[in-house]
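Numbered from 1 within each chain, the chains take letters A, B, ... in sequence-line order.
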2 protein chains.
Amino acid sequence: MPVRRIPGQRAGLTRAAVLAAARDLLAESGLASLTMRALARRLDVAPNALYSHVASKTGLIDDMLDEVLAEVQEPAIDVEGPIAGLHQLMTSTYAVLLAHSDLVPLYLARQGARGPNAQRLGDTMITLLARSGVHGPAAREALRVLIVYTIGFAAFTTRPLIDPPIEIEARQQLTTGEMLDNFTNGLRWLLAGIVTHGNSSGNDHPVLGAAGLQPGGGIAQEQPASPG
Amino acid sequence: MPVRRIPGQRAGLTRAAVLAAARDLLAESGLASLTMRALARRLDVAPNALYSHVASKTGLIDDMLDEVLAEVQEPAIDVEGPIAGLHQLMTSTYAVLLAHSDLVPLYLARQGARGPNAQRLGDTMITLLARSGVHGPAAREALRVLIVYTIGFAAFTTRPLIDPPIEIEARQQLTTGEMLDNFTNGLRWLLAGIVTHGNSSGNDHPVLGAAGLQPGGGIAQEQPASPG
DNA sequence: ACCTGAACACCGTTCAAGT
DNA sequence: ACCTGAACACCGTTCAAGT
């Protein structure tokens, strides 16, 4: 049933059509079912026909990952200041990621979205941070913290998590709204920290004395000696 | 070359031996090379022999994930208070995860470590949060935020990330020490937020006005109506 | 340039044996 | 109970054709 075509005949495939079919297949059957062969079956072509439009399965998924980020809403210009803008931007990202929860682990597993939409997102964040008074290395640190937190939380929202054994009774499934509140709270803490401590050099610890790791922690591999 | 054994003869396999070989194989050749067949090859048995000691590949990896968490150091009892203890605990977790970076995406991809070591970690965190004055639902929120942040940051430390296009020159690989500093900063912000706002109901927003999502964000699927 | 047939080098897992 | 041989139902990708 897959094909009634002869080597010379075209099927009218497009790179965009392949991407769209991949999106549909993922939505209908999940990540495990997103195989090149299943994709070819759905498009009614031979498996290797896809390689005329896509370099590899990895490349295909990279494109899908960046495509998702296009849905993120840019914050309205200066609604309530740059921090509110950042809050809005990260919350929109969180919502978009939740709508494509199957893909979220892939953001973390691979090099992590380097397409044009990811670039645009990073640009916007840097701009908003600058308007908040956070520049240079501090801005890049804040960027990393916000992205890590947002993608990480999205990854954990759908699937269950290391929960405390206490109150097993109350461990019923959390609703999407409750997780959104949870996400929002942590996000506010991070933003508060970014604006208040974002410009300090970070070598003095107001809460803690020791910054290094305990011996045996296993991280002392390529510490760059940091002279002076 | 794989076997010179006859159906009746034993190979002396143990569940522990299989796990150890899986750890070695992962360390030597990476996650992609950790297949049941490669594992069997290394143990010099037929591929299906493994299923006498392990229910499935998924079960095997679940065990490996929890095994890793055994390396996390419990904080010294009340060194500088419970918040310092939490900082120490999360930093140790971060270091342990970095030492097994290949496994980190798996924590996020699957249900996320439910073994005895994960339980122990959750217990300790809940205890420390309670000593910090954070109880009940607020404690569970804080727990989720801290775990998400720690695993998420570990996932992003080894592999590159959505970086800002600004200052491309300065985008050289960050060292392990710099990423540790970055992790530590965000962790301090979170801990500060947890202790200061941890007990508020969270329905008033000191920084932002709007809490809901913009229409079209795509999250309005199963909001539980929250009556009253 | 775009597609097919066939094949390569794999997977995880099951089933029926053997001792 | 523990292991093997053989097989099932798959993978992603390549190579040599055909028009």
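For the atom pair OG1 (A:Thr93) and OH (A:Tyr149), the distance works out to 13.0 Å, reported to the nearest 0.5 Å.
The phosphate of C:dT4 has OP1 or OP2 within less than 4.0 Å of a side-chain N or O from A:Arg5. Residue B:Arg10 has no polar side-chain atom (N or O) positioned under 4.0 Å from OP1 or OP2 of D:dC3. Residue A:Arg41 places at least one side-chain N or O closer than 4.0 Å to OP1 or OP2 of D:dC11.
Here D:dC3 is the nucleotide among C:dC3, C:dG12, D:dC3 with the atom lying nearest to any side-chain atom of B:Ala11. Proximity note for B:Arg37 (side chain, C-beta onward) versus C:dT13, D:dG12, D:dC3: the nearest is C:dT13. Comparing C:dT4, D:dG12, D:dT4 by their nearest atom to the side chain of B:Ala46 picks out D:dT4. Distances were taken from every side-chain heavy atom of A:Tyr51 (C-beta onward) to each of C:dC3, D:dC3, D:dG12; the shortest belongs to D:dG12. Taking only side-chain atoms of A:Ser52, from C-beta outward, the nucleotide of D:dT13, C:dC2, C:dT4 with the closest atom is C:dC2.
Rounded to whole angstrom, the span from the CG atom of A:Leu39 across to the P atom of D:dT13 amounts to 12 Å. One atom, CG of B:Leu60, and another, P of C:dC11, lie 15 Å apart when rounded to the nearest Å. Look at CG on B:Leu50: it is 9 Å from P on D:dC3, rounded to the nearest Å. Atoms CG (B:Leu43) and P (D:dT4) sit 11 Å apart, rounded to a whole Å. Look at NZ on A:Lys57: it is 16 Å from P on C:dC11, rounded to the nearest Å. Summarising the geometry, the separation between CG on A:Leu34 and C1' on D:dC10 is reported as 15 Å, rounded to the nearest angstrom. Between the NE2 atom of B:His53 and the C1' atom of C:dT13 there is a distance of 17 Å, rounded to whole Å. Between the CE atom of B:Met36 and the P atom of C:dA9 there is a distance of 24 Å, rounded to whole Å.
Residue-to-nucleotide proximity on DNA chain D shows that, of B:Ala49 and A:Ala55, the 5′-proximal contact is made by B:Ala49. Heavy-atom distances to DNA chain C give each of B:Ser33 and A:Leu13 a nearest nucleotide, and the one nearer the 5′ end belongs to A:Leu13. In terms of position along DNA chain C, the nucleotide closest to A:Thr14 lies nearer the 5' end than the nucleotide closest to the other residue of the pair B:Pro47 and A:Thr14.
Taking atom C1' on both D:dA7 and C:dC11, the two are 14 Å apart, rounded to the nearest angstrom. Going from the C1' atom of C:dC3 to that of D:dA16 covers 13 Å, rounded to whole Å.
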(message) The test is side-chain contact (heavy atoms from CB on, under 4.5 Å); show your working for B:Leu97 and B:Phe153 and say whether it passes.
(response) CA-CA 10 Å; B:Leu97 290 177; B:Phe153 216 98; over 6 Å; no
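When Watson-Crick and G-U wobble pairs are counted only if both distances are under 3.5 Å, C:dC10 pairs with no nucleotide at all. Across all strands shown, D:dA1 pairs with C:dT19; the Watson-Crick or G-U wobble distances both stay below 3.5 Å.
One side chain, A:Asn185 or B:Glu141, offers a donor N or O that lies under 3.5 Å from an acceptor on the other. In this model, a donor atom of one side chain and an acceptor atom of the other lie less than 3.5 Å apart for B:Thr157 and B:Tyr94.
Using a 4.0 Å cut-off between a side-chain N of Lys or Arg and a carboxylate O of Asp or Glu, B:Glu28 and B:Arg42 qualify as a salt bridge.
Between B:Arg23 and B:His100, the closest side-chain pair of non-hydrogen atoms is not below 4.5 Å.
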